[in-house]
2 protein chains.
Amino acid sequence: MPQELKHPQPRSDRRKRMGGQIQREIMQLILDRGLRPGAVLPTETELMDDLGVSRNSVREALKALQALDIVEIRHGYGTYVGEASLTPLADGLTFRTLVQLGGDDAHALTEILQVREILEEGLVSRVVKSIPEEDLDELDAIVARMMTRAGQGEVFPEEDREFHEVLYRSIGNTLVPQLLGAFWNVFHRVAGARGWAKDPSPTGTARRHKEIVAALRARDRERVQAAMTTHFRGIEARAGKAMRGVG
Amino acid sequence: MPQELKHPQPRSDRRKRMGGQIQREIMQLILDRGLRPGAVLPTETELMDDLGVSRNSVREALKALQALDIVEIRHGYGTYVGEASLTPLADGLTFRTLVQLGGDDAHALTEILQVREILEEGLVSRVVKSIPEEDLDELDAIVARMMTRAGQGEVFPEEDREFHEVLYRSIGNTLVPQLLGAFWNVFHRVAGARGWAKDPSPTGTARRHKEIVAALRARDRERVQAAMTTHFRGIEARAGKAMRGVG
DNA sequence: TAGTATTTGTGCGTATGTATG
DNA sequence: TCATACATACGCACAAATACT
């Protein structure tokens with residue numbers, strides 16, 4: 001019964017703040033202060049005072065921003081401006097693909113592969129004339145490692161990832177490897193979550209990568225395009241077989 | 001010092017749960033129960049009991065999932081499974097671009113435009129032979145509206161957006177328009193946040209769209225590619241001028 | 001090596017706004 | 001109009017992690 005005035009702020013001031021408003025205020029605070037990725041953010045207590053909201057509200061907003069990789073929270077230490085990477089994209093696409101597969105539509109993964117193929121076809125066309133010899137040497141070394149592993153019946157996801165990263169390094173676009181990496185992550189996480197079999201023919205996969213490098217060395221755009229298309233036909237075959245086996 | 005046993009649960013049970021663990025459990029719950037987008041989620045109270053955590057923890061996890069568009073929260077009504085759209089990607093890229101521009105690096109927007117250009121070049125190559133006549137008619141109608149608006153000195157962002165959506169409709173890939181839409185949003189939100197001038201030559205922009213449709217009607221791949229490239233040179237000119245003017 | 005201060009993580013109780021019936 | 005159910009928000013207390021003394 002005694003509930004006198006327990007409100008530190010008059011009611012009229014502290015309502016109508018819902019709907020991601022606090023998140024946007026924190027983002028604006030970062031922009032206004034010119035904070036860069038890695039910079040330290042005000043503590044939760046300071047944000048409470050600055051924004052005039054409770055600690056729970058601040059924490060919920062920070063959690064949302066953390067999910068977008070806009071802030072980075074370290075327990076017992078502080079909160080920092082994040083890199084705004086494409087991790088959220090990978091998370092969202094993975095979830096979406098699994099949810100749609102859970103129904104009976106195995107189309108989502110094919111769509112992601114198609115986008116990745118379009119991207120990579122356009123990318124190789126742009127590097128075929130300009131990729132430096134040293135990058136080609138590095139690609140040869142990666143393919144050699146692939147061959148070795150394939151000869152032992154092993155699979156080589158790390159080399160595969162590295163291959164495509166080096167392949168487009170000379171573009172000088174930081175968004176490209178992140179985007180491709182996100183797609184790559186989705187594919188492998190979905191494959192893992194559904195318990196799909198590994199690459200049934202590592203040797204063939206390694207050979208297709210080798211052909212891409214050879215075509216690049218020849219500076220032959222047509223041949224590079226064809227090699228890349230063949231490479232994706234191999235991936236689709238794996239995915240298609242697995243999806244048919246499950247669905 | 002009297003801090004007897006105020007813990008409703010023994011300490012050994014409820015620790016080691018941090019780091020997005022609750023979020024993953026909720027995602028797994030959705031997948032396990034086969035819930036589809038739009039399906040109703042358990043209430044916060046039910047999630048508290050199911051996961052054995054407090055309401056604050058549940059709410060923070062739900063807020064994070066909401067930021068990823070994995071769940072949708074409706075005030076006073078309930079929580080639902082979300083569409084897992086690419087809204088988080090647009091949010092993250094927008095923030096990232098603004099943060100980098102805040103430094104002095106105007107490169108981020110150029111990178112996004114480059115990725116979009118590569119994607120659209122590959123996409124038009126795939127539709128040039130297969131896009132149905134009725135879609136071309138629709139594109140003609142959109143271009144006509146562009147021309148009308150341009151003649152009145154107006155700008156036409158909505159028509160621009162619609163154009164590219166109809167253009168790739170026949171691909172049948174739902175990810176493509178979402179991805180392009182996300183990039184489109186980033187560009188215009190960044191432009192708006194920096195107070196950039198509108199398109200200085202709407203007539204020229206409309207004419208470039210018209211040429212794309214004409215090239216598609218001729219089913220001439222080379223010409224379509226060239227028209228698309230010209231279209232992006234126009235966008236880059238706008239962005240470049242604005243960025244130079246600000247930076 | 002131990003202790004303390006700071007900061008984030010968690011839990012609980014409660015009041016309030018909102019939509020449904 | 002009223003009652004119910006739910007999300008939203010606030011405030012407090014304590015746990016746990018980290019840094020610094």
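Computed over heavy atoms, backbone and side chain alike; hydrogens, waters and symmetry mates excluded. To find a chain, count down the sequence lines: A is the first, B the second, and so on, and within it residues start at 1.
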Subject >> B/T174-A/E111 side chain donor-acceptor pair, cut-off 3.5 Å >> reply: yes

**OP:** Using the six-membered ring of A/F156, assess whether NZ or CZ of A/R145 lies under 6.0 Å from its centre and within 45 degrees of the ring axis.
**Re:** no

Original post:
Can you tell which of C/dT8, C/dG11, D/dC10 lies closest to the side chain of B/S54?
Top reply: C/dG11

Original post:
For the pair made of CG in A/L47 and C1' in C/dT6, what is the distance, rounded to whole Å?
Top reply: 15 Å

Original post:
Between D/dA7 atom P and B/L65 atom CG, what is the distance in whole Å?
Top reply: 14 Å

**OP:** Describe the nucleic acid contact of B/R74 in one word from base, sugar-phosphate, nothing, applying a heavy-atom distance below 4.0 Å.
**Re:** sugar-phosphate

Subject >> Whole-Å gap separating C1' (C/dT10) and CD (A/E60) >> reply: 13 Å

**OP:** Spell out, as yes or no, whether a donor-acceptor pair under 3.5 Å connects the side chain of B/D69 to the backbone of B/G82.
**Re:** no

**OP:** List the atom of B/A90, the atom of B/R189, and the distance in Å for their closest heavy-atom pair.
**Re:** CB-NH2, 3.1 Å

**OP:** Would you mind reading off the distance between B/E44 atom CD and C/dG13 atom P, rounded to a whole angstrom?
**Re:** 16 Å

Original post:
Charged N to carboxylate O below 4.0 Å: is that the case for B/R33 and B/D50?
Top reply: yes

Original post:
Start at the 5' end of DNA chain D and walk down; is the nucleotide closest to A/Y77 or to A/S57 reached first?
Top reply: A/S57

Subject >> No-H, no-angle donor-acceptor pair, A/R55 side chain to C/dG9 base, under 3.5 Å >> reply: yes

Subject >> Between D/dA7 (P) and B/K63 (NZ): distance, integer Å >> reply: 12 Å

Original post:
At under 4.0 Å, does any side-chain N or O of B/T79 touch on OP1 or OP2 of D/dC6?
Top reply: no

**OP:** Please tell me which of B/M48 and A/I73 maps to the more 5' nucleotide of DNA chain C, matching each residue to the nucleotide holding its nearest heavy atom.
**Re:** A/I73

Original post:
What's the CG-P distance between A/N56 and C/dT7, to the nearest Å?
Top reply: 18 Å

**OP:** In whole angstrom, give the distance that lies between atom CG of A/L51 and atom C1' of D/dT8.
**Re:** 17 Å

Original post:
Roughly, in whole Å, what's the span from CD in A/Q66 to P in C/dT7?
Top reply: 18 Å

